[in-house]
> 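Once you've had a glance at the structure underneath, I'll fire off some questions.
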Amino acid sequence: MEKLAETIRKMHISFFKKLIIIMLAVNIPLLLSIAVFCYHSMRTIRQDTIKNVQIHQQNLIDIVENDVKYVEQQLYHISNMDDWNILRETSRGQITYEGVSALNQFRSRFQNVLGTSRLFMDISANLENADLRFSVNEGIDGFDAQEYEALQSEEAGAARFKSREGSLYITSLNAWNYDLSVSMAARMDWEKIRNLLADGRSFLNEQMMLVFYTESGAVTICDGMTEALYRKITEADTFSPEDSKEVQKHMILIHTSSAMGDFAIYSFVEKNDIYAAMKKFYGSLFGIMAGSAIVILTYGIIVNKMFKKVTQLIDENYAKELYAQRAVYRQLQSQINPHFLYNSFFVLQNMIREEENESASEFTKSLGQYYKFITRTERQEVALKEEVDHARVYLEIMKKRYGRRLEYEIVCGEAECLQIQVPRLILQPFIENVFGHGSHSGRDPMKIRLQVLREKEQIWIIIEDNGSGMEEQRLKDLAGELFKGDETKDSAIFNINRRLKIKFGSDYGVILENSSLGGCRVCLRLPGIEQKGAGQNYVSDDCSR
């Protein structure tokens, strides 16, 4: 052990010197590379973000522009219909049958336009000569002079969009006869426009604003925008979001205007949202650098801990071998004894006397398998399947001895559970205890059940019988001793518990409780294995016999 410690110490000193040189040679160029990379990546991310948002904005601009043009064209075509002459010759109080028919036709055309449009909610027409106003949503009413004055657009070059009482319109006068004084207006739907903006977001927290420029000023429609940001933008005398220096400090402002320049889309993206992933990445890089320096300074302490860990592993491996040897020795002592052999030979003699040659042959085979397994001391661990097979062989031997007075059942869940490697002789000693310490009624057969189950990430081996069980206080005392891993106890149950904890860790081992069958239940808790067939439940043929 001393030679091993000295060897580890010399390796530590040599490796420590080389590590310092390597860390200095690598970290200095790495820091410079990170600084250059940070600058270029930040600029690239900003450019890509602006480009991506502008693509989405242009798509929204195209949708709005196409819809507005479509409705304008439809209003133009409708304004050229001859049926306006019929309405001109009547009045709201004396509408003729032809007038009603014309109104219905216009209303139907208006509804068709609205059904195709993505942004408009109503179309209305004002006829001054007929003292008539009608719309899809509001029906027939008198001529609205104020609306007519506010929405008419006879002047060349007038703005396409009109605002009145918080609503936004596009308008069209009669195309072939201005004497009719017919004015049509299509009213836009705020909710539809907000939904359109919401669907066009590039970032989760992106704040968007659609601005329409009218003769009376700018009309804004916002989605996801906070009141604080809106106040900063609109508090200036002239509406110009791109000139807001306060916004530029914390956000990236991206906007796209329509071809005619009479409406535009603005997006406000938090810089933290754009650079969050990169900041986390940079933080990790600098954290690695800082961690490297800490590793160098604390390396000596870590090596000492590694040395202690190696020593501990050596001790644990030694203890593991010692406990395994004790277990094998104990089993050899308890099983290779005159009592077990005499009983076995007595059973075999009775079979031969009764000329039960086939049964005698099977019994001899089982007896040979039993002694072959317990005398193979060169292997300290076996597959769980071998342990289960050994338990079954032992129960078959006892079945020949007890006959109908013994009933047993072995059930395994998924066959893959049986591939886990476990210490040797962890099942048969518990089954043997049932015969040595279990108390059973003379009239009822002795029942033993062995189960191998998987529950989530664990494997459970359960051995239970229908005996009288244990007193609660005794059971509680044993459970506490098993949990603490008492090394002063040398019985089979404590030996197996210690070996399981050494192999799998302190979370695993033996648990004792009373069984629903009436006797004692021993539960062996083992770690699970990787599940290859999720959702499959199947029983191993080797365990079900």
Side-chain angles (χ1 to χ4, degrees), residues 50-81 106-125 135-137 151-153 155-164 166-175 182-203 206-225 239 241-242 253-269:
I50 294 174
K51 183 178 180 180
N52 181 62
V53 173
Q54 285 179 334
I55 291 174
H56 286 272
Q57 288 181 341
Q58 188 59 53
N59 291 337
L60 295 177
I61 290 288
D62 293 341
I63 292 173
V64 175
E65 186 66 47
N66 292 336
D67 203 77
V68 169
K69 287 182 178 179
Y70 165 75
V71 175
E72 281 182 331
Q73 292 172 358
Q74 295 302 312
L75 294 182
Y76 178 81
H77 292 318
I78 295 173
S79 69
N80 281 281
M81 294 176 62
F106 284 125
R107 184 183 179 89
S108 177
R109 290 293 298 270
F110 290 171
Q111 288 176 334
N112 289 337
V113 174
L114 294 177
T116 310
S117 170
R118 296 182 60 177
L119 301 178
F120 291 84
M121 64 182 299
D122 192 17
I123 298 177
S124 62
S135 73
V136 173
N137 295 335
L151 299 183
Q152 68 175 338
S153 56
E155 298 180 1
R160 283 191 299 174
F161 300 100
K162 311 288 184 179
S163 63
R164 180 175 182 266
S167 297
L168 193 67
Y169 300 84
I170 62 171
T171 62
S172 173
L173 287 176
N174 182 276
V182 177
S183 174
M184 285 188 296
R187 180 155 57 103
M188 304 186 80
D189 190 326
W190 292 148
E191 192 63 29
K192 290 181 179 179
I193 296 175
R194 289 192 185 93
N195 292 337
L196 185 66
L197 291 176
D199 294 338
R201 288 183 183 178
S202 301
F203 293 88
E206 182 179 351
Q207 303 179 53
M208 301 186 69
M209 174 187 289
L210 180 58
V211 182
F212 293 92
Y213 300 100
T214 70
E215 293 177 350
S216 57
V219 176
T220 61
I221 305 171
C222 304
D223 179 71
M225 181 166 289
F239 182 83
E242 55 269 25
L253 171 61
I254 308 163
H255 80 282
T256 303
S257 299
S258 65
M260 296 182 64
D262 53 1
F263 70 94
I265 295 179
Y266 292 84
S267 291
F268 304 87
V269 182

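Predicted, not measured: the structure shown is a model, and the values here were computed from it. Numbers for residues simply follow the sequence, beginning at 1.
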> Heavy atoms, side chains only, cut-off 4.5 Å: are Arg118 and Asn66 in contact?
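Side chain of Arg118 against side chain of Asn66, heavy atoms only: no contact under 4.5 Å found.
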> If we ignore hydrogens and angles and just use 3.5 Å, is the side chain of Arg187 paired with the main-chain N or O of Leu168 as donor and acceptor?
no
> Run the numbers on Val211 and His255 for side-chain contact (heavy atoms from CB on, under 4.5 Å), then give the verdict.
CA-CA 10 Å; Val211 182; His255 80 282; over 6 Å; no
> Could you tell me if the side chain of Phe110 sits less than 4.5 Å from the side chain of Asp122, heavy atoms only?
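Side chain of Asp122 against side chain of Phe110, heavy atoms only: no contact under 4.5 Å found.
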> Please determine whether side-chain contact (heavy atoms from CB on, under 4.5 Å) holds for the pair Leu196 and Leu210, giving the CA-CA distance in whole Å, both sets of side-chain angles, and the decisive distance to 0.1 Å.
CA-CA 10 Å; Leu196 185 66; Leu210 180 58; over 6 Å; no
> Between Cys222 and Met209, which heavy-atom pair has the shortest distance, and what is it?
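Taking every non-hydrogen atom into account, SG-CE, 3.8 Å.
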> Can you tell me how far the CG atom of Asn112 sits from the OG atom of Ser117, to the nearest 0.5 Å?
12.5 Å
> As an exercise, state the distance from OG of Ser202 to NZ of Lys51, rounded to the nearest 0.5 Å.
13.5 Å
> Return the minimal non-hydrogen interatomic distance between Ala218 and Tyr213, and the atom names on each side.
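In this case the closest contact between Ala218 and Tyr213 is CB-CD2, 4.2 Å.
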> To the nearest 0.5 angstrom, please state how far the CD atom of Gln111 sits from the CG atom of Asn137.
9.0 Å
> Is the backbone of Ile63 close enough, under 3.5 Å, to the side chain of Asp67 for a donor and an acceptor to pair up by distance?
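Absent.
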> Using the side-chain contact (heavy atoms from CB on, under 4.5 Å) rule, take Phe203 and Val53 through it: C-alpha gap first, then chi angles, then the decisive distance, then the call.
CA-CA 9 Å; Phe203 293 88; Val53 173; 4.0 Å; yes
> Taking side chain as C-beta onward, heavy atoms only, is Gln74 less than 4.5 Å from Ile123?
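Counting from C-beta outward, Gln74 and Ile123 never come under 4.5 Å.
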> Within a strict 4.5 Å, meaning less than it, do heavy atoms of the Thr214 and Lys162 side chains meet?
no
> Answer whether the closest heavy-atom distance between the side chains of Thr220 and Tyr266 falls below 4.5 Å.
no
> Nearest 0.5 Å, what's the CE-CD distance between Met260 and Glu65?
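Nearest 0.5 Å value for the CE-CD distance: 7.0 Å.
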> Looking only at non-hydrogen atoms, find the nearest pair between Glu72 and Arg160 and report the distance.
OE2-CD, 3.2 Å
> Do Val71 and Leu119 have side chains that approach each other closer than 4.5 Å (heavy atoms only, starting at C-beta)?
no
> At their closest point, which heavy atom of Tyr169 faces which heavy atom of Ala185, and how far apart are they?
CD2-CB, 4.0 Å
> Do you know the tightest heavy-atom contact between Met208 and Ile265?
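Met208 and Ile265 have their closest heavy atoms at CE-CG2, 4.0 Å.
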> For Phe212, enumerate each residue passing the ring-ring contact (aromatic ring centres under 6.0 Å, His included) test, keeping only those at least two apart in sequence or located in another chain.
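Partners of Phe212 by the ring-ring contact (aromatic ring centres under 6.0 Å, His included) criterion, ordered by chain and then number, come out as Phe161, Phe263.
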> Drop me the distance from Ile221's CD1 to Ile193's CD1, to the nearest 0.5 angstrom.
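CD1 of Ile193 is found 3.5 Å from CD1 of Ile221.
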> Indicate the atoms forming the closest heavy-atom contact of Leu75 with Met184, along with that distance.
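The answer is O-CE, 3.0 Å.
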> Enumerate the side chain to side chain donor-acceptor pair (under 3.5 Å) contacts for residues 52-64, please, sequence neighbours excluded, ordered by first and then second residue.
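For residues 52-64, and leaving out neighbouring residues, the side chain to side chain donor-acceptor pair (under 3.5 Å) pairs sorted by first residue read Gln57-Thr256, Gln57-Ser267, Gln58-Asp62.
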